[in-house]
Amino acid sequence: MVVDAVPIDLVDRELAMALIVDALRLPDPLAVASANLDHLHHFERDSFWTDRPPAVSIGEPSRGLRWLTLLDGVPLVRKAEALSGRPWPKLSGSDLIWPILEYAAKHGTRVGFLGGTAETHEQLRKTLRMSLPTLQVAGTWAPARSEILDSRTSAGIAADIRSAEVEILIVGLGKPLQENWIARFGPDTGARVLLAFGAVVDFLAGRVSRAPRWMADHGFEWTWRLMLEPRRLSRRYLVHDPPELLRLMRREPTLQHEAAMAHPDRSVGRGAFVGPRRRATVAVVVVTYNSVSDLPGLIDDLRIAARDQSIRVVVVDNQSSDGTTDVVRSHTDVTLVESGGNLGYAGGINAAMPFVEPCEAVLILNPDLSLAPGAVTRLMTSLRGDDRIGAVVPLILDADGAVYNSIRREPSLSRAVGDALLGRRLRKRPSLLSEIDYCPADYLEAHDVDWATGAALLIRTTVAHEVGPWNEEFFLYSEETDYFRRIRESGHLVRFEPSAVVQHRQGGSGTSPALARLMAVNRIRYVKRHHGAAYAVLFRGAVALAEALRSYDRERRRTLAAVLNRRKWRDLPHATSHG
C-alpha cells in the first residue's frame, strides 16, 4: 500500500519473519521500520525516504540496503483492509522483537542494541540473561543525541558495531532519527538486519510496560503510552497525529502487488526460442504496430522465461513504419509474419495461428508488456492444474505499478446503465451494476472470471482449435470479449491467476479519439451479435447515455454522435490489406 508516496508492505507475521530470517544469508542488508501516523508525519514529504528500495514492492532491483515497512497503527490497518478487502495484522516492533530474539538465541545469531541509556542497557542485559540465556549480545551502544547527529561520531559507532560482528542490530533512537541513521550508516555496520524499533529497548528492559492487549487491538495503545510518558509523547500524540489522521481519512492510497516487477539482471543468461515445426511448451503470439520501442524489452523478458519453458515466438506485424520488423529480423529464432496491411488485433492473431504449432498452449501478449520473473511458468502451472481451464489471465499492473482493474464481467444492460451513471465512482457496488470488477480482494486470489482485458492471455491449444478463429468483425476492442465468451460456451473455464504478473505500459495501446468511438460502437456490435436486435437497442441507449452525461467533453460529443448515427460506423478504423 502506498500512502502519499510512502510504501507500506502488507505482509502477515509469518512472511515478515521469513523476510527477516532470509536477510541473514542474503548479500544486501534489510532494514525494518513500522509505519504509523507518526511515520507518515515524518516521511510523507521526504523524497529521500520514498526513493529507498523496499523489500517487498514494485520497482528497480534492490542494491544495498532494502526496506521492509510494516503496517503498524490501527488507522493504517483499517485503511489497508478497506483498500484490499481482506484483514491484515498490526505488526509493531514490540510484536516481532521476541520471535526475532528467540530465533537469534536458537541459532547463535549475534545481536546488538543502539539507543537508550547505559542504565537501561544494564537492566536489558540482566533481563535477557534470565529470559534468553543463550542469546549472544555482541554489544550495546548508548550515544547522546549530539553524537548521533555528528557524522564523524556516527561513522565511528558504525565501525565499532562492525568490529563486534553484530548480525541483527536493534536501533531505538525514535522517529525519524533511527530511520535516517540506518539509511546513512546502516550498511557500514555490517549488520544483516537493522530494526528501527523505537521504544523496544525500554520495553525489553522493563523500564516501560506495554499496553494491555485489548487496548492495543482496539487502537488505544497510544493513550496508555501517553499516560506513562506524557512529557515525551504529548507532542506526538496530541499535536502531530490528529491532523495526520484527518489527512489519512481523506486520502486514497494505491494498492501495489507484492511480487516485484524487477528489471532483468543483465548477468542472467537468456534462453533460445524453439524454431518452426519443433514442439514447444508455449507459443507466444505478439501483434505489433509501430512497436519498435516496446518489443525489445518484451523479447528479452521472454528469453529469460525460455530458461524454464520451451518457447516459440511469432510476431505478426501490421505494416509498421518505424523499424519494428528490423528489430524482429535481428532475432533469427523469432518467426516474423508480415500481414501486408493493418489487420487489427483479431486479424493479427489469426494470421499467427498457422505458425504456432506444435505446442501445448498459446500465449498472446501485447508488445508493450513487461513480464515478472516466473510469469509464464505460473500461467502454465495454473492451466495444467485443471483440465476444465481453457484460458488463464495474469494480474496486470499499470505503468506506475498499481493493480489495474483488468477483470471484467459479461456485458449486460444493467451493467451498462450502472457504468453510465456511476462511472468509476462508487466502486463498491453490486456486480449487476458494473462490468469492471473493482473489488480489491478479487485481485488477490485465483478464481474463475467471465473475461479480462486482452493484453495477456494463455490459451490451451486444444481449446483454441475448438473455439476457432478470433472474430475479425472487431478490428480492435470487444474481440477478446467475444473470444472469452466462446471459450465459456465451449464448456471451459477462464482462470485469473494473480501469482503471474505482467506490467502494461500501454505505450502502444493508447486510445485515440477515433479508437474511443470504435470502442463504444464495438460494445454495441458485440451485444447485438449475442443478444438480438431489441436488447441491442436498449444497450445502445445505455452507451449513448454514458456519452451524453459526459458531453461537456468535445470528444465525448463526437462519440455520442457516432453511437447514434450508424452511417458514421463505416468511417471508424477498420482492417486494411495491401496484398
A.B. asks: On the 0 to 90° scale, with breaks at 30° and 60°, tag the Phe474-Tyr526 ring pair as parallel, tilted or perpendicular.
C.D. replies: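 Tilted: the ring planes of Phe474 and Tyr526 meet at 30° to 60°.
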A.B. asks: Would you say that more than 12 heavy atoms from the other residues, nucleotides or ligands in this model lie under 6.0 Å from the CZ of Arg278, or not?
C.D. replies: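 It does not: Arg278 CZ has 12 such atoms or fewer within range.
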A.B. asks: Checking Arg505 against Ser370: is there a side-chain donor and acceptor pair closer than 3.5 Å?
C.D. replies: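 Indeed, the side chains of Ser370 and Arg505 share at least one donor-acceptor pair under 3.5 Å.
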A.B. asks: Do the side chain of Ser330 and the main chain of Val327 share a donor and acceptor less than 3.5 angstrom apart?
C.D. replies: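 Confirmed, Ser330 side chain pairs with Val327 backbone.
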A.B. asks: From Glu435 CD over to Ser412 OG, what is the distance, rounded to the nearest 0.5 angstrom?
C.D. replies: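 Taking CD in Glu435 and OG in Ser412, the distance rounds to 8.0 Å.
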A.B. asks: Mind listing the closest non-hydrogen atom pair of Trp67 and Ala33 along with its distance?
C.D. replies: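 The pair with the smallest heavy-atom distance is CZ3-CB, 4.1 Å.
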A.B. asks: Please check this pair: side chain of Arg409 against backbone of Ile436, looking for a donor-acceptor N/O pair closer than 3.5 Å.
C.D. replies: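 Between the backbone of Ile436 and the side chain of Arg409 there is a qualifying donor-acceptor contact (under 3.5 Å).
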A.B. asks: Quick check on side chain to side chain contact (heavy atoms under 4.5 Å, CB included): which of Ile349, Val494, Ile364 does Ile459 satisfy it with?
C.D. replies: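 It is Ile364, the one option of Ile349, Val494, Ile364 that forms the side chain to side chain contact (heavy atoms under 4.5 Å, CB included) with Ile459.
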A.B. asks: For Asp398, give me all partners under side chain to side chain donor-acceptor pair (under 3.5 Å), at least two apart in sequence or on another chain.
C.D. replies: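 Asp398: no side chain to side chain donor-acceptor pair (under 3.5 Å) contacts found.
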A.B. asks: For His107, check ring-ring contact (aromatic ring centres under 6.0 Å, His included) against everything at least two apart and list the hits.
C.D. replies: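 So His107 forms a ring-ring contact (aromatic ring centres under 6.0 Å, His included) with Tyr103.
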A.B. asks: Would Thr325 and Asp317 count as having a side-chain donor-acceptor pair, cut-off 3.5 Å?
C.D. replies: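 No, no side-chain donor-acceptor pair sits under 3.5 Å.
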A.B. asks: Check the side chains of Arg303 and His331 for a donor-acceptor pair under 3.5 angstrom, ignoring hydrogens and angles.
C.D. replies: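 Yes, side-chain donor-acceptor contact under 3.5 Å.
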A.B. asks: We want to know whether Arg485 and His530 form a side-chain donor-acceptor pair, criterion being a heavy-atom distance below 3.5 angstrom.
C.D. replies: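 Distance-only check passes for Arg485 and His530.
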A.B. asks: We want to know whether Asp294 and Ser291 form a side-chain donor-acceptor pair, criterion being a heavy-atom distance below 3.5 angstrom.
C.D. replies: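 There is no such pair (donor and acceptor under 3.5 Å, judged by atom type) between the side chains of Asp294 and Ser291.
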A.B. asks: Do His574 and Asn342 have side-chain N/O donor and acceptor atoms under 3.5 Å apart?
C.D. replies: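 There is no such pair (donor and acceptor under 3.5 Å, judged by atom type) between the side chains of His574 and Asn342.
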A.B. asks: Does CD in Glu445 sit with more than 12 non-hydrogen atoms of other residues, nucleotides or ligands closer than 6.0 Å?
C.D. replies: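 Incorrect, the count does not exceed 12.
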A.B. asks: When you check the side-chain N and O atoms of Tyr345 and Asn366, is any donor under 3.5 Å from an acceptor?
C.D. replies: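 Result is yes, a qualifying pair exists.
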A.B. asks: If you compare all heavy atoms of Phe484 against all heavy atoms of Asp450, which two are closest, and at what distance to 0.1 Å?
C.D. replies: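 Minimum heavy-atom contact is CB-O, 3.8 Å.
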